[in-house]
Structures are given as C-alpha cells and as structure tokens.
Protein chains: 2
Amino acid sequence: MAPVVPELTAHLGYRLRQVSNHVSHAFARKLAAQGVTVAEWGLMRTLYGKERLPPSRLADEMGMTRGAITKLADRLIAKALVSREASPDDGRAQTLRLTAKGTHFVPRLAALADQNEAECFAHLSVRDRTVLARILTETVERLGLTGVPVD
Amino acid sequence: MAPVVPELTAHLGYRLRQVSNHVSHAFARKLAAQGVTVAEWGLMRTLYGKERLPPSRLADEMGMTRGAITKLADRLIAKALVSREASPDDGRAQTLRLTAKGTHFVPRLAALADQNEAECFAHLSVRDRTVLARILTETVERLGLTGVPVD
DNA sequence: TATTGTTATACTCTATAACTATA
DNA sequence: TATAGTTATAGAGTATAACAATA
C-alpha cells in the first residue's frame, strides 16, 4: 500500500505562504511605483516617529542581522530617504534616521499599505478579519516573533 | 497636526508575512537537514503521484515562470531526485518526473511538513485552526491563486 | 510566426564570517 | 577582549529578455 501523503495544500503553512506571498507581491508592485521595496518600507516605518536609532536596534526590531540593515540603509541613503550619522558619545556607534524627504514620504507609503490591505482582504467579513488578526497576533506572540515595536 | 500613520503591525499583511516567514524558515531548516529547499520540495510534491509533467504545467501550478522551473529542476536533477526526458511526440517539449529516489523521499519530507505544522500551530485550538484554514482557503480562491493542484 | 524550453542576466533578501575601529 | 558596524561573499528565489529548436 502506497504511503499516504497529505495534499500540499492541506498544510496551513502552505496556504499561509501562498496568501502572504500574494499580498506582499501586490504591495511590492505598488511600492515599486514609488521607487522603494517592501524591506525598505519596513525600515522607514520602523524609523518613523523616532529621532534616530542605531542599526543594532533596527536589526532587533526587524528581526534581521546588522549586516542586512547596513545594506538596506545604504540603499535608502542613496535615495536620500535616510541619513547615517556617527554617535557623539561612542566612536563605534552610528545612528540612522529619516531625512525630511523620507519623513514626508512615509504617510504616502502607508496609504499604499492601507490600499493594498483593503484590496487583498475586501472579501472577508469584519468578523473574519478580526478573527484572523487575533489568530495571527497570538501566533506571533507564541512563536516569540518581534511583533510590537519596542518603544 | 501630524499625519496619522497606522502602526505597521496593524496591517494584516504585515502579521501574515511575519508568521508565514517564520513557519517557512522553520520548515526550511528541517528540509535543509535533508538537503532540499522549500521551493524544491514544492516541485517534488507537485510531481508526486503523477507520471510526468512538462515544465510549463509545473510553472502554471506553482505560480512561477518557466525559467524559474528550469533552474529548480536543474538542481533536483543534480541531486538525482528528478529526471528530465524529451517528449516523444513534440520535439520542443520536455517532461519532468520524480526518480525512484525522489519518489521514496517525498513521504519523509511530507512528515517534516506535518511536524513543522504541528510545532507552529500547536497553540491554536482546533476551532481556530479550522477557521484559519477556511479564511486562507477563501482568500486563495478570491485572489485567484492556484490553490488546488489541477488534475 | 507561435510555442516550448533553456540560458543569460539581474536584483532583492538574507545569512555568515571576516574585518575595522573603538571601548 | 568585547562590542558596533561594515564589507565580502554566497546562495535562494524570482523575474525579464534573448535565444534555439520545433511546430
């Protein structure tokens, strides 16, 4: 008798990846028209509302390595959306912050995020959306992911 | 008054990405111990139970381009998990199929998928898991993603 | 000409590890 | 020696576009 292999689609993880990839790609297309990527938006959004943050903080909050942050920051600096400054008190430390241009840009990008959200989940009832949000939030917490930006 | 920018975490898409990335990475680590990647597993699973499929079919079912399928298939062929054969009736066409080694490997990888599933969603009640599955399935259908392997 | 695949190229995302400059 | 960041390197994942062979 042949071994039973469940359908790939029977796995929550698989469906999750399908939906997540689609939502992210749809968002990426919208952001591309503005010249930024999803990861770049993530860094900008994390920086928004704060004066300045060291790369190590960004790495922690975004769940990335410091090397990855450096690379991401380099691109944003090249676009004049972020600036890098040496810390006055610690010669090793650097800080990153949004430029005026970057700061003004965030609300526009946030609007695209909202729009994407609306388009991708329009078919869900308010109840379903609430339940989904709760389940995802619980999962983020349970899996120990950095969900809430530490402040 | 400063423009209102919703928290990044307030977006379902963001949470979805967090959870999906975590689940996929956890699965990737398990698969890595067996020498395959998540995308490679996806191709093997799509091939499983079928005699042979042309790259174009794989591309459609997996939502990838033909070029991407070629590259993925090359890696699997190098691992002797998949074989490529010219079609007898159409000189342009190729077909891909699992080797005996690849076929025997699938159930073991499927077990890892189950294990990963259990670990990542263990904290959810049966009811929540059911609801999540329903919501994701509805979303896959609504967004027109290739959810169910066409047969 | 249209189609099937492959190849070439490129870019994002991310990690690991080596390295530099401080502390 | 330990820490903050950067740089170098690498590989997965994926796309686009050019190309070859065949229809």
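A note on names: the letters A, B, ... follow the listed sequences, proteins ahead of strands, and every chain is numbered from 1. The figures that follow rest on heavy atoms only: side chains count, while hydrogens, waters and symmetry mates do not.
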Check: Just how far, in rounded Å, is C1' of C/dT12 from CZ of A/Arg29?
Finding: 15 Å

Margin query: Let me spell it out: for each of A/Asp74 and A/Asp90, pick the nucleotide of DNA chain D with the closest heavy atom. Which residue's pick is nearer the 5' end?
Written below: A/Asp90

Checklist line | 5'-most by nearest nucleotide on DNA chain C - B/Ala68 or A/Leu72 | finding: B/Ala68

Next item on the list: Evaluate whether atom CZ of B/Arg134 has more than 12 neighbouring non-hydrogen atoms of other residues, nucleotides or ligands under 6.0 angstrom away.
Entry: yes

Notebook entry, point to check: What's the spacing between B/Leu132 CG and A/Leu16 CG if we round to 0.5 Å?
Noted result: 6.5 Å

Margin query: Base, sugar-phosphate or nothing for B/Thr65? Non-hydrogen atoms, less than 4.0 Å.
Written below: base

Note to self: Rounding to an integer number of Å, can you tell me how far A/Glu40 CD sits from C/dT14 P?
What the structure shows: 11 Å

Margin query: Measure CE/B/Met64 against C1'/C/dG5 and give the value in whole Å, please.
Written below: 15 Å

Item checked: Whole-Å distance separating the CZ atom of A/Arg66 from the P atom of C/dT22 -> 17 Å

Check: In Å and rounded to the nearest 0.5 Å, what is the NZ to CE distance from B/Lys71 to B/Met64?
Finding: 9.5 Å

Next item on the list: Calculate the interatomic distance between A/Leu31 atom CG and C/dC11 atom P; express it in whole Å.
Entry: 19 Å

Notebook entry, point to check: Contact class for A/Ser56 (heavy atom, under 4.0 Å): base, sugar-phosphate, or nothing?
Noted result: sugar-phosphate

Checklist line | Rounded distance (nearest 0.5 Å) linking atom CD of A/Glu61 with atom CG of A/Leu47 | finding: 9.5 Å

Margin query: What verdict does the side chain to side chain contact (heavy atoms under 4.5 Å, CB included) test give for B/Trp41 and B/Leu112, after you've listed the backbone C-alpha separation in whole Å, the side-chain angles of each residue and the deciding distance to 0.1 Å?
Written below: CA-CA 11 Å; B/Trp41 153 249; B/Leu112 291 180; over 6 Å; no

Check: Is the side chain of B/His22 donor-acceptor paired with the backbone N or O of B/Gln18 at a distance under 3.5 Å, no angle test?
Finding: no

Check: Which of these, B/Val82, B/Leu98, B/Leu96, B/Thr37, sits in a side-chain contact (heavy atoms from CB on, under 4.5 Å) with B/Leu76?
Finding: B/Val82

Item checked: DNA chain D: 5'-most and 3'-most nucleotides touching chain A, 4.0 angstrom heavy-atom criterion -> D/dT3 to D/dA10

Check: For A/Thr37, which contact category applies under a 4.0 Å heavy-atom criterion: base, sugar-phosphate, or nothing?
Finding: sugar-phosphate

Check: Quick one: on DNA chain D, does A/Arg92 or B/Arg75 contact a more 5' nucleotide (nearest heavy atom)?
Finding: A/Arg92

Note to self: Tell me the interatomic distance from B/Leu58, atom CG, to C/dT6, atom P, rounded to whole angstroms.
What the structure shows: 11 Å

Check: B/Ser87 side chain to B/Gln94 main-chain N or O, any donor-acceptor pair under 3.5 Å?
Finding: no

Check: For the helix from C/dT1-D/dA23 to C/dA23-D/dT1, how many degrees between its two end axes (five pairs per end), to the nearest 10°?
Finding: 30°

Notebook entry, point to check: Can you tell me how far P of C/dT4 sits from CG of B/Leu96, to the nearest Å?
Noted result: 15 Å

Margin query: For B/His123, I'd like to know if atom NE2 has over 12 heavy atoms of other residues, nucleotides or ligands within 6.0 Å.
Written below: yes

Notebook entry, point to check: Do B/Lys71 and C/dT7 share a donor-acceptor pair, side chain to base, under 3.5 Å?
Noted result: no

Notebook entry, point to check: For A/Arg108, which residues count as a salt bridge (Lys or Arg N to Asp or Glu O under 4.0 Å) partner, sequence neighbours excluded?
Noted result: none

Next item on the list: Let me know the distance between CZ of B/Arg17 and C1' of C/dC13, rounded to the nearest Å.
Entry: 11 Å

